[in-house]
Amino acid sequence: MYWNERYECMSQDELRQLQWERLQQTIERVYHNVPYYRQRMQEKGLEPGDIKSLDDLQKLPFTNKQDLRDNYPYGMFATPMSEIVRIHSSSGTTGKPTVVGYTRKDISTWSELMARCISFGGGTKEDIIQVAYGYGLFTGGLGFHYGVEKLGASVIPISGGNTKRQMMIMQDYGTTMLACTPSYALYLAEVMEEMELTKDDLKLKCGIFGAEPWSNSMRKEIENKFGILALDIYGLSEIMGPGVACECAEKDGLHIFEDHFIPEIINPETGEVMPMGSKGELVFTTITKEGLPVIRYRTRDITRLIEEKCNCGRTHVRMERVSGRSDDMLIIRGVNVFPSQVESVLLEIGETEPHYLLIVDRIGNLDILEVWVEVSDRMLSDEVRRLEQLEHKISKEIETVLNINAKVKLVEPKTIERSEGKAKRVIDKRRFE
Ligand code: DLL
């Protein structure tokens, strides 16, 4: 039933001891190998020896996405490049992406944790697992891929897209488990119906879905349409990729793999650590990573930790499903999008006014992004063809930069509501509750 019972069911005492040993090693490693961390610690008058217990972790400064970007591309790596065997990167920032590197041991840990996640859904080496997360710089595809191989199941590395073919393969190859974003799973279900297939034509029994927020009602819909168990998987590139936390079959929170990551919940406004059970921003410290160890990384994801013992017998703390973000990042069709990225595209083109609004909706099972931009009266009095050309140009540029399709609508001056405080740049009509 367990993939690695020794670690999954460790007693609290043993787990804290293991974390403490691993944390010390990590702090030594970053202090000696990463100038950024050494400098940040020195600014606070800290040396590795000043961290005397797990509680002292709170003395260390936070790390943000911006810190990774400031040290682009490899400045935060704690090993020479000769030890790095894989590079991924995350989308979702204006300008440069975040680059992450893995040593051979990091890849092995990641595969181990992914094998754990797949076994949470009942996966064994008998299974045939269709990985429909994107392969490439995104961590979803390859992260799952290596986990399936580690488990000894058969992987179908189909990547995302080509939905009819996905369904054909699912039917013909006898896929038993599916890995993709929850919104893509719903889209697959829709195409299944269009192809006049039913769940009885498939051998699917479980799906492991994540990389974007979803809800319990979406879970029910996916479970009913495919007749499967649908589990939530969480992760982020900076910490590892998928497999930082995953739901077990109890479907009551995601177990965070505490033998490799130490979670904290902080108040996103003040940075203070909050008591167990409070809702706030999730922060992670990695304690086994070699290539890119991270100390107190602010995920911006909002959740709550659940300390009570889980019925599955595993002892790792659980997190509630992510309920929002403390910044304005959106996830549209699995792609991380910051409104500022759209803003810089508009500024770059320079033919519009600086007022814009992103409207995100879900039509059928697909996320739709509409971008409203104000143009001057003079511009509006131009020929329709010129306006259409501009809409097209903006939409194409957004696609190039963000890798996402957007419908651009040029609107009259003052159409977009002005605000006295923070500008409201986004209307998200999707429901994740
Ligand atoms: O999305 C890694 C991943 C791949 C996770 C496949 C699960 C499955 P990034 O592209 O770096 O990495 O995006 C990380 O996505 O901070 C969350 O805001 C969001 N996210 C990831 N999983 C979930 C989830 C991958 N289960 C960002 N629920 C994170 C809600 C999620 N949000």
Side-chain angles (χ1 to χ4, degrees), residues 63-65 68-69 87-93 97-100 102 110 113-114 116-118 120-121 129-148 159-160 177-185 207-216 218-219 222 230-247 251 253-257 261 263 268 281-284 292 294 297-304 318-338 367 402-404 428 430-433:
T63 309
N64 288 300
K65 210 180 186 86
L68 291 171
R69 291 187 59 218
I87 290 168
H88 281 284
S89 78
S90 92
S91 56
T93 38
T98 324
V99 182
V100 297
Y102 305 76
W110 188 12
L113 295 183
M114 282 308 307
R116 239 187 235 181
C117 296
I118 300 163
F120 276 20
I129 306 181
Q130 188 158 336
V131 179
Y133 283 107
Y135 276 64
L137 284 174
F138 177 54
T139 52
L142 283 164
F144 262 89
H145 185 99
Y146 277 68
V148 177
S159 194
M177 290 177 91
L178 171 66
C180 61
T181 59
S183 52
Y184 194 55
I208 304 188
F209 307 116
E212 62 182 10
W214 53 313
S215 59
N216 261 325
M218 260 176 94
R219 182 206 313 267
I222 297 173
L231 300 181
D232 191 3
I233 182 166
Y234 170 86
L236 59 165
S237 335
E238 292 84 354
I239 299 303
M240 182 177 76
V244 174
C246 190
E247 268 182 338
K251 297 193 278 193
L254 297 84
H255 289 279
I256 294 174
F257 297 138
F261 314 105
E281 181 183 327
L282 185 59
V283 169
F284 280 115
L292 180 67
V294 245
Y297 185 74
R298 291 191 59 167
T299 65
R300 304 283 168 184
D301 292 317
I302 303 292
T303 183
R304 195 173 80 78
R318 284 166 289 156
M319 59 183 257
E320 257 178 15
R321 61 166 68 248
V322 173
S323 64
R325 297 208 25 113
S326 68
D327 63 8
D328 54 2
M329 187 180 91
L330 294 160
I331 304 182
I332 303 172
R333 296 196 189 186
V335 180
N336 302 352
V337 176
F338 285 93
D367 292 336
L402 279 89
N403 211 352
I404 186 151
D428 195 341
R430 300 169 300 175
R431 290 275 167 270
F432 300 118
E433 296 300 328

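In listed order, ligands and their atoms are each counted from 1.
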Problem - Mutual orientation of the aromatic rings belonging to H88 and W110 [parallel < 30°, tilted 30-60°, perpendicular > 60°] - result: perpendicular

Problem - Donor-acceptor contact present, side-chain T139 to main-chain S237, <3.5 Å - result: no

Practice task
Heavy-atom contacts with G140 under 4.0 Å: which atoms of ligand 1 show up? List them by number with element.
Solution key: 4 (C), 6 (C)

Practice task
Please state which part of T139 comes within less than 4.0 Å of ligand 1, counting heavy atoms only: side chain, backbone, both or neither.
Solution key: side chain

Problem - P213 and V322, any side-chain heavy atoms less than 4.5 Å apart - result: no

Exercise for the section: Run the salt-bridge test on E247 and R219 with the 4.0 Å N-O cut-off and return the result as yes or no. Expected result: yes

Problem - Flag side-chain contact, heavy atom, 4.5 Å: L236 against S90 - result: no

Practice task
Considering heavy atoms of the protein only, find what lies nearest to atom 7 (C) of ligand 1 and give residue, atom and distance to 0.1 Å.
Solution key: A211 N, 3.3 Å

Problem - Side-chain donor/acceptor of Y297 to backbone N/O of V283, under 3.5 Å - result: no

Problem - Element-labelled atoms of ligand 1 that are located less than 4.0 Å from some non-hydrogen atom of G210 - result: 7 (C), 8 (C), 26 (N)

Practice task
Look only at interatomic distance and state if I233 has a nitrogen or oxygen under 3.5 Å from any nitrogen or oxygen of ligand 1.
Solution key: yes

Exercise for the section: With heavy atoms only and a cut-off of under 4.0 Å, state how F138 meets ligand 1: side chain, backbone, both or neither. Expected result: side chain

Completion exercise
Residue, atom and distance of the protein heavy atom nearest atom 18 (O) of ligand 1 read D301 OD1, 2.6 Å

Problem - Best match, L236, V335, L330: closest heavy atom to atom 12 (O) of ligand 1 - result: L236

Handout entry: Ligand-residue contact atoms, ligand 1 with R325, heavy atoms, under 4.0 Å
Key = 16 (O), 18 (O)

Completion exercise
Within the 4.0 Å heavy-atom cut-off, what N336 brings close to ligand 1 is side chain

Exercise for the section: For ligand 1, find out whether one of its N or O atoms is nearer than 3.5 Å to an N or O atom of D232. Expected result: yes

Handout entry: Atoms in ligand 1 with a heavy atom of Y234 nearer than 4.0 Å
Key = 22 (N), 23 (C), 26 (N)

Exercise for the section: Ignoring angles and geometry beyond distance, decide whether S237 reaches within less than 3.5 Å of ligand 1 through its nitrogen or oxygen atoms. Expected result: yes

Problem - Nearest protein heavy atom with distance in Å, relative to atom 19 (C) of ligand 1 - result: I331 CD1, 3.4 Å

Practice task
Say whether W214, considering both its backbone and side-chain N or O atoms, lies within less than 3.5 Å of an N or O atom on ligand 1.
Solution key: no

Fill in the blank from the handout: Min over G243, C246, G235, P97 of heavy-atom distance to atom 27 (C) of ligand 1 lands on G235

Completion exercise
Note: R430 and I331 closest approach over all heavy atoms is NH1-O, 2.8 Å

Exercise for the section: May I ask you to list the atoms of ligand 1 that are less than 4.0 angstrom from any heavy atom of Y133? Expected result: 6 (C), 8 (C)

Exercise for the section: Determine, step by step, whether T303 and Y234 satisfy the side chain to side chain contact (heavy atoms under 4.5 Å, CB included) criterion, reporting the C-alpha distance in whole Å, the side-chain angles of both residues, the deciding distance to 0.1 Å, and the verdict. Expected result: CA-CA 12 Å; T303 183; Y234 170 86; over 6 Å; no

Practice task
Check whether any side-chain heavy atom of R333 lies under 4.5 Å from a side-chain heavy atom of S183, and answer yes or no.
Solution key: no

Exercise for the section: Answer yes or no: is there a side-chain heavy-atom contact under 4.5 Å between N216 and K251? Expected result: no

Handout entry: Heavy-atom nearest option to atom 28 (N) of ligand 1, drawn from K65, M114, E212
Key = E212

Problem - Rounded distance (nearest 0.5 Å) linking atom CG of N64 with atom OG1 of T299 - result: 10.5 Å

